[in-house]
Amino acid sequence: MYDKERGLYIAHSTAGTLCITGKMANRHGLIAGATGTGKTVTLQVMAETFCQTGVPCFMADMKGDLSGISQAGKMSGFIEKRLPEFGIESPEFQSCPVRFYDVFGEQGHPMRTTVSSMGPQLLARLLELNETQAGVMNIVFRIADERGLLLDDLKDLRSMLDWVSKHAKEYTTKYGNVSSASVGAIQRAILQLENQGADKFFGLPAFEIMDLLARDENGKGVMSVLAADKLMLQPKMYSTFLLWLLSELYSTLPEVGDMDKPKLVFFFDEAHMLFDGTSKALLDKIEQVIRLIRSKGVGIYFITQSPTDIPENILGQLGNRVQHALRAYTPKDQKAVKTAADTFRANPAFKTDEAIMNLETGEALVSFLDEKGAPTMVERAKVLFPLSQIGAITEGQRLDIIKQSGIYGKYDNAVERESAFEVLIAEAEEAEAAAPQPATTPSSTKGNGDEEKEEKSGGKKSSGIMGKVMKAIMTAITSTLAALVGTYVSNKVSGKKSRTRTSAKEKVVKNATSAATRTITRELTRDILGNLIK
């Protein structure tokens with residue numbers, strides 16, 4: 001709830017209202033706590049408060065609960081009971097302007113980017129490549145840039161990998177070895193990514209990052225809600241996608257210095273996924289982006305279970321903190337509670353570590369930055385209730401909001417342009433057409449004019465070893481029949497006995513069979529040797 005006098009009203013304690021100072025909201029923040037302690041509601045309260053001040057927000061919706069921010073809330077017994085705690089007599093329930101997004105294009109506008117825009121470093125993380133394979137990916141991107149080939153989608157990347165593999169010797173001395181084993185491993189990783197549906201994420205039209213900074217006609221900041229229930233099934237894809245968004249914001253937005261309020265607030269839910277299995281080089285880049293992006297007017301708020309999920313160098317940059325309850329059943333859990341308590345400026349009224357374990361649902365330890373940028377003393381407080389709907393909306397309501405969106409139709413239909421895939425296919429076809437055709441050699445069989453004639457069966461020329469074998473068999477059968485007929489006529493004329501005729505026939509058949517065998521063997525031997533010589 002926004003109050004012009006008090007600021008961004010988030011929680012209330014015995015000491016009074018606890019508000020985020022507008023010009024300190026881009027100093028980033030943390031919402032932590034065990035499952036079911038109220039993190040999602042706190043996120044919703046913060047987001048709608050920013051919305052009322054004209055600050056747009058981006059957030060990932062893990063279970064569909066945050067979609068309710070698009071609808072006005074209603075009075076309930078729970079809210080009515082808590083009104084006196086916040087000094088509110090009659091709350092003005094209201095909705096926030098919302099745009100729904102979905103990487104898979106099912107529950108919102110598609111969010112796409114090109115392979116080139118993501119770059120080799122983030123793509124290597126997404127594909128979970130080792131150092132050698134990541135090096136090959138860098139070479140492929142460099143060669144594509146040199147040749148002016150656009151890498152829009154995964155089929156462009158596949159084509160480029162195949163081309164580089166075939167021409168690896170040309171680039172070995174310049175860029176290093178490109179082994180077929182590394183290329184094969186990358187191709188398999190791409191296939192696995194396609195099976196997860198990531199092919200829908202790469203392509204055109206690419207998402208324009210400035211669409212996240214929209215306001216409605218009343219001056220409210222537009223809430224960009226990403227449907228992440230399906231995306232969460234692939235943690236690497238989820239975290240890499242959000243990291244790409246942060247990188248795009250950092251590289252696109254101009255420097256603005258300190259402002260009265262942020263240009264955008266970015267909520268990063270399940271933040272631990274961003275740092276799991278991340279290389280040292282990429283972790284350094286993340287730290288740099290988080291440290292410097294505040295000068296672009298962007299505040300980043302991480303949502304996770306424990307502060308220990310965040311690297312210390314990054315945790316130290318999170319000035320506005322809301323800590324919900326943590327459970328400590330094991331020595332490891334107790335250490336996490338102690339770490340969380342140590343991140344706050346102590347309050348002599350209570351022990352921070354004990355308070356963390358005794359917080360009720362909706363209750364939290366809160367510390368925001370003051371006007372001078374110093375953290376205030378930690379307070380045990382109750383987080384304000386949302387003025388928008390708590391819980392998911394229906395599919396019909398979601399569809400109506402999507403169709404009424406100001407960007408409806410801008411990203412919904414994928415488009416194709418001439419990129420690496422089309423260019424390399426065309427080059428291959430041109431090379432094949434320009435290649436000299438092998439000369440046709442005449443048959444080496446002499447004395448048989450029939451073998452040099454073209455024979456057709458069903459409109460096709462007979463050729464190859466099987467065709468010649470069939471010719472040899474037919475020739476042998478014809479010779480055998482001719483010999484049998486000749487012997488029969490001769491015996492009739494001479495009047496020889498039956499036994500003599502039979503003996504002659506057997507001899508003729510044997511000779512004819514041997515001749516056929518020799519003919520077949522000769523044809524087979526000739527063709528086989530010919531193929532080996534070729």
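The chain is numbered in sequence order, starting from 1.
When atom types are taken as modelled, the side chain of K261 and the backbone of K23 share no donor-acceptor pair closer than 3.5 angstrom. No side-chain donor-acceptor contact under 3.5 Å links D269 to the backbone of F302. Looking at R398, its side chain never comes within 3.5 Å of a backbone N or O of F100 through a donor-acceptor pair. Between the side chain of E48 and the backbone N or O of S388 there is at least one donor-acceptor pair closer than 3.5 Å. Under a 3.5 Å cut-off, the side chain of Q397 and the backbone N or O of T394 do form a donor-acceptor pair. The main-chain N or O of A34 is found under 3.5 Å from a side-chain atom of K39 such that the two form a donor-acceptor pair. A donor-acceptor pair is defined here as one N or O able to donate and one able to accept, closer than 3.5 Å; such a pair exists between the side chain of T42 and the backbone of G38. Here the side chain of H28 pairs no donor or acceptor atom with the backbone of G299 at under 3.5 angstrom. Looking at E354, its side chain never comes within 3.5 Å of a backbone N or O of F350 through a donor-acceptor pair. Using modelled atom types, no side-chain atom of D156 and backbone atom of L151 make a donor-acceptor pair closer than 3.5 Å.
R99 has its side chain out of reach of V225: every pair of non-hydrogen atoms, C-beta onward, lies at least 4.5 Å apart. Contact of the V298 side chain with the N26 side chain is not registered, since no non-hydrogen atoms from C-beta on lie closer than 4.5 Å. Considering only heavy atoms from C-beta on, L8 stays 4.5 Å or farther from T21 through its side chain. By the 4.5 Å heavy-atom criterion applied to side chains, I300 and L246 are counted as neighbours. Between I407 and Y101, the closest side-chain pair of non-hydrogen atoms falls below 4.5 Å. Using a 4.5 Å heavy-atom cutoff, the side chains of H109 and D412 are in contact. Q187 is not listed as a side-chain neighbour of L157, based on a closest heavy-atom distance of 4.5 Å or more. The shortest side-chain heavy-atom distance between I139 and I143 falls under the 4.5 Å cut-off.
Rounding to the nearest 0.5 Å gives a distance of 10.5 Å between SG of C51 and CG of L387. For the atom pair I286 CD1 and R291 CZ, the distance stands at 13.0 Å (nearest 0.5 Å). In this structure, CZ on R327 lies 11.0 Å from CD on Q305, to the nearest 0.5 angstrom. Here the CG atom belonging to L282 is positioned 5.5 Å from the CG atom belonging to L243, to the nearest 0.5 angstrom. Atom CG of L424 is separated from atom CZ of R158 by 14.5 Å, given to the nearest 0.5 angstrom. Considering CE of M62 and CG of L66, their distance stands at 9.0 Å, rounded to 0.5 Å.
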Open item on the list: Would S279 and R125 count as a side-chain hydrogen bond (donor to acceptor under 3.5 Å, both in side chains) here? Give the steps.
Closed with: CA-CA 8 Å; S279 66; R125 181 183 189 273; over 6 Å; no
- [ ] Check the pair V383 / H324 against side chain to side chain contact (heavy atoms under 4.5 Å, CB included), numbers first and verdict last.
- [x] CA-CA 10 Å; V383 177; H324 288 278; 4.1 Å; yes
- [ ] Begin from the C-alpha positions of K410 and E208 and carry the test salt bridge (charged side-chain N to carboxylate O under 4.0 Å, His left out) through to its verdict.
- [x] CA-CA 10 Å; K410 182 177 181 179; E208 295 179 12; 3.1 Å; yes
Open item on the list: Please evaluate residues S419 and L149 with respect to the criterion side chain to side chain contact (heavy atoms under 4.5 Å, CB included), reporting the C-alpha separation (whole Å), side-chain torsions for both, the decisive distance (0.1 Å), and the verdict.
Closed with: CA-CA 6 Å; S419 50; L149 297 177; over 6 Å; no
TODO: Verify salt bridge (charged side-chain N to carboxylate O under 4.0 Å, His left out) between K63 and D65, making sure each step is shown before the conclusion.
DONE: CA-CA 5 Å; K63 300 171 290 185; D65 294 346; 3.8 Å; yes
- [ ] Start with the C-alpha gap between E128 and K236, add the side-chain angles, then the distance that decides, and say whether salt bridge (charged side-chain N to carboxylate O under 4.0 Å, His left out) holds.
- [x] CA-CA 8 Å; E128 300 185 62; K236 283 289 184 184; 5.4 Å; no
Task: From CA spacing to verdict: side chain to side chain contact (heavy atoms under 4.5 Å, CB included), Q52, Q94 - done: CA-CA 10 Å; Q52 292 170 24; Q94 54 187 288; 4.1 Å; yes
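For D260, the CG atom sits in a loose shell: 12 or fewer heavy atoms of surrounding residues, nucleotides or ligands are nearer than 6.0 Å. Counted within 6.0 Å of CZ on R142, heavy atoms from surrounding residues, nucleotides or ligands total 12 or fewer; the atom is thus considered open. Counting non-hydrogen atoms of other residues, nucleotides and ligands closer than 6.0 Å to CG of N413 gives a total of 12 or fewer.
Evaluated for a side-chain hydrogen bond (donor to acceptor under 3.5 Å, both in side chains) with K382, the options E360, E363, E85 yield exactly one hit, E85.
Between R321 and T343, the side chains place a donor N or O and an acceptor N or O closer than 3.5 Å (distance only, hydrogens not considered). Counting only N and O atoms by type, the side chains of E255 and S295 include a donor and acceptor under 3.5 Å apart. Neither side chain, S116 nor T114, offers a donor N or O lying under 3.5 Å from an acceptor on the other. A donor and an acceptor atom, one from each side chain of D229 and Q107, are located under 3.5 Å apart. No hydrogens or angles considered: nothing links the side chains of R380 and S13 as a donor-acceptor pair under 3.5 Å.
A salt bridge links K155 with E416: at least one charged nitrogen is closer than 4.0 Å to a carboxylate oxygen. Between D258 and R27 there is a salt bridge, with a side-chain nitrogen of the basic residue lying less than 4.0 Å from a carboxylate oxygen of the acidic one.
Closest approach of A336 and S306 over heavy atoms only: CB-OG, 3.8 Å. The nearest pair of heavy atoms linking M223 to A47 is SD-O, 3.7 Å. Across all non-hydrogen atoms, the minimal contact from F141 to P120 is CD2-CD, 3.7 Å. Minimum interatomic distance between D216 and P97 (heavy atoms only, all atoms of both residues): OD2-CG, 3.6 Å. In terms of heavy atoms, A325 sits closest to T37 at O-CG2, 3.7 Å. When all heavy atoms of I310 and L318 are compared, the closest pair comes out as CG2-CD1, 4.5 Å.
Note on ring orientation: taking the six-membered ring where Trp is involved, the planes of F385 and F86 are perpendicular (angle over 60°, cut-offs 30° and 60°). Under the 30°/60° scheme for interplanar angles, the aromatic rings of Y238 and F268 are found to stand perpendicular.
Not less than 6.0 angstrom separates the ring centroid of F58 from the ring centroid of F267. For an aromatic pair to be called close, the ring centres must be under 6.0 Å apart, and F241 with F201 satisfies this.
At least one test fails for K74 against the ring of F93: distance under 6.0 Å to the centre or angle within 45° of the axis.
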